[in-house]
Trainee: 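Sharing a structure with you now.
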Amino acid sequence: MNEELRKLRDQALAGLQAASDADALEEWRIEYLGRKGTVTNLMRNIGQVPFEERPAYGQAANALKGELTDAFDARQQALVQESLAAEMAAEGVDVTLPGRRPQLGGVHPSNQTLREIADIFATMGFQVYTSRDVETDEYNFELLNMPPGHPARDMWDTFYTTTPGVIMRTHTSPGQIHAMKELGPNKPIRVILPGMCYRYEQVSARAEMMFHQVEGLAIGRNVTMADLKGVIVEFANQLYGAGRKLRFRCSHFPFTEPSVEADVDCILCGGTGCAVCKYTGWLEIMGAGMVHPTVLRNGGYDPAEWSGFAFGMGPERITMLKSGISDIRYFFGNDLRFLEQFG
Ligand code: FA5
């Protein structure tokens, strides 16, 4: 390389190092490598070089062009990296920090139990039927054999709305009438009715103002109390484990006759007595009974031909028993420390 080219090379490389941003870099490129740039012109001027020096000159000029082009690319890369680093430093981004795991929601413990209950009853041919949360007095009470003024209405402390006759349902039992009217008459029915209920209750560790119930209703031509018992035993065995003992206690609901309360032997102590079963050896799991003839008639069924059983249980209370939860208020307290334990 002759002296002139060497000088040009040193001058170009120094200029490249000094170019500190994209504009300066582009100026440098035009000055040296552009169409009319100094290095491009070297080849054009080859005619002025003595004939015998031309091959060496041509080679040297080409090599210089290649070297400067590579140097330009490298400088451009370095500037991009520098500006990225500066940007990250200014914004305080540390790309080496570990990523943050996205928070995924889980199924609420009440819904987990509702799904489990629905799965169990599905094995016995029960389909899910849902009905409304906002009900009429007629469906919540009257058609269930509790006319206005009936003392049994006091069993359910009610939230009334400002619209006369419209209330928040106090239990899922009005769904029985909806199901009969929609699926009947003169057809057998086997449904469960899960849903939220509302009661003007004194809230305590065992009682909420808002809680779920799962109602069950089976209607057929020869349905008896033995069928009710069989279904409840099968349910208890699937839910709490095989070999459960079941007992019926006399009870009263205006919409069933006879009415019972069903207990299973305590899942914790096996019936010997503990704090959970209050030393009785038994746990109440649901209210139940044979559908009252008046209710069958109100649903469009002739009680001389059709009979049925119904039951109603509380999934929160079931979950409390299964998971050892001491206070029902945790369910709707929205405390993640509680909810996260149910994955
Ligand atoms: C009823 O509501 C009847 N409708 C059940 C029924 C249906 C009987 C069909 C016969 C035939 P009861 O008020 O006992 O019954 O409530 C049923 C279940 O709901 C209770 O066993 C309990 O598990 C749950 N439950 C009742 N009140 C509350 C409350 N305040 N908080 C949480 N769970 C409750």
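This structure is a prediction, so every number in the text was calculated from the model and none was measured. Just so you know, these numbers use all the heavy atoms, side chains as well, and skip hydrogens, waters and symmetry mates. For ligands, and for the atoms within them, numbers begin at 1 and follow the listed sequence.
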Trainee: Distance check, rounded to the nearest 0.5 Å: Glu234 atom CD versus Leu246 atom CG?
Mentor: 12.0 Å
Trainee: Counting only heavy atoms, tell me which of Ser173, Gly312, Ala310 gets closest to atom 4 (N) of ligand 1.
Mentor: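 Going through Ser173, Gly312, Ala310 one by one, Ser173 has the nearest heavy atom to atom 4 (N) of ligand 1.
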Trainee: Which of the numbered atoms in ligand 1 are under 4.0 angstrom from any heavy atom belonging to Gln176?
Mentor: 9 (C)
Trainee: Looking only at distances, please establish whether an N/O atom of ligand 1 is found under 3.5 Å from an N/O atom of Gly289.
Mentor: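 Between Gly289 and ligand 1 (N or O atoms, distance only) the closest approach is not under 3.5 Å.
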Trainee: May I ask you to test the Leu217-Phe309 pair for a side-chain heavy-atom distance under 4.5 Å?
Mentor: no
Trainee: Determine, using heavy atoms of Met286 and all atoms of ligand 1, whether some pair is separated by less than 4.0 Å.
Mentor: no
Trainee: Run down the list Arg317, Arg329, Gln213 and name the one with the heavy atom closest to atom 22 (C) of ligand 1.
Mentor: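 Shortest heavy-atom distance from atom 22 (C) of ligand 1: Arg317.
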Trainee: Within the structure, does His171 bring an N/O atom to less than 3.5 angstrom of an N/O atom in ligand 1?
Mentor: yes
Trainee: Which bit of Ala207 gets closer than 4.0 Å to ligand 1, counting heavy atoms only: side chain, backbone, both or neither?
Mentor: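 The answer is both, backbone and side chain.
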Trainee: Supply the atom-to-atom distance Tyr301 OH to Asn186 CG, rounded to the nearest 0.5 angstrom.
Mentor: 7.0 Å
Trainee: Going by the order shown, which atoms of ligand 1 are within less than 4.0 Å of some heavy atom of Phe255?
Mentor: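 Those qualifying, in numeric order: 3 (C), 4 (N), 6 (C), 7 (C), 8 (C), 9 (C), 10 (C), 11 (C).
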Trainee: Return the closest protein heavy atom for atom 24 (C) of ligand 1 as residue, atom name and distance.
Mentor: Gly314 CA, 3.9 Å
Trainee: Does Glu284 reach ligand 1, in the sense of a heavy atom lying below 4.0 Å from it?
Mentor: yes
Trainee: Could you tell me whether Ile328 approaches ligand 1 through its side chain, its backbone, both or neither, with non-hydrogen atoms closer than 4.0 Å?
Mentor: side chain
Trainee: What I want to know is whether Glu215 and ligand 1 share at least one N or O pair that is separated by under 3.5 angstrom.
Mentor: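 In fact, backbone or side chain, Glu215 has no N or O that close.
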Trainee: Is a salt bridge present between Asp302 and Arg297, judged by a nitrogen-to-oxygen distance below 4.0 Å?
Mentor: no
Trainee: So if I count the atoms of ligand 1 from 1 in the order they appear, which ones are less than 4.0 Å from some heavy atom of Gly287?
Mentor: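 Once the distances to Gly287 are compared, the set is 6 (C), 8 (C), 10 (C).
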Trainee: So Phe331 and His108, do their side chains get closer than 4.5 Å, heavy atoms only?
Mentor: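 Side chain of His108 against side chain of Phe331, heavy atoms only: contact under 4.5 Å found.
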Trainee: Check Ala118 against Val128 and note the closest heavy-atom contact, atom names and distance.
Mentor: CB-CG2, 4.2 Å
Trainee: Any ion pair linking Asp137 and Arg153 (charged N to carboxylate O, less than 4.0 Å)?
Mentor: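 Yes, Arg153 and Asp137 are salt-bridged.
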Trainee: Considering only heavy atoms from C-beta outward, does the side chain of Leu183 approach that of Met180 to under 4.5 Å?
Mentor: no
Trainee: Set out, in order, the CA-CA distance, both residues' side-chain angles and the distance that settles salt bridge (charged side-chain N to carboxylate O under 4.0 Å, His left out) for Glu305 and Arg221, then state yes or no.
Mentor: CA-CA 6 Å; Glu305 268 189 61; Arg221 288 187 187 275; 2.5 Å; yes
Trainee: Any nitrogen or oxygen of Arg199, main chain or side chain, under 3.5 Å from a nitrogen or oxygen of ligand 1?
Mentor: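 Yes, there is a polar N/O contact under 3.5 Å.
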Trainee: Nearest protein heavy atom to atom 33 (N) of ligand 1, by residue and atom, and its distance?
Mentor: Phe211 CD1, 3.4 Å
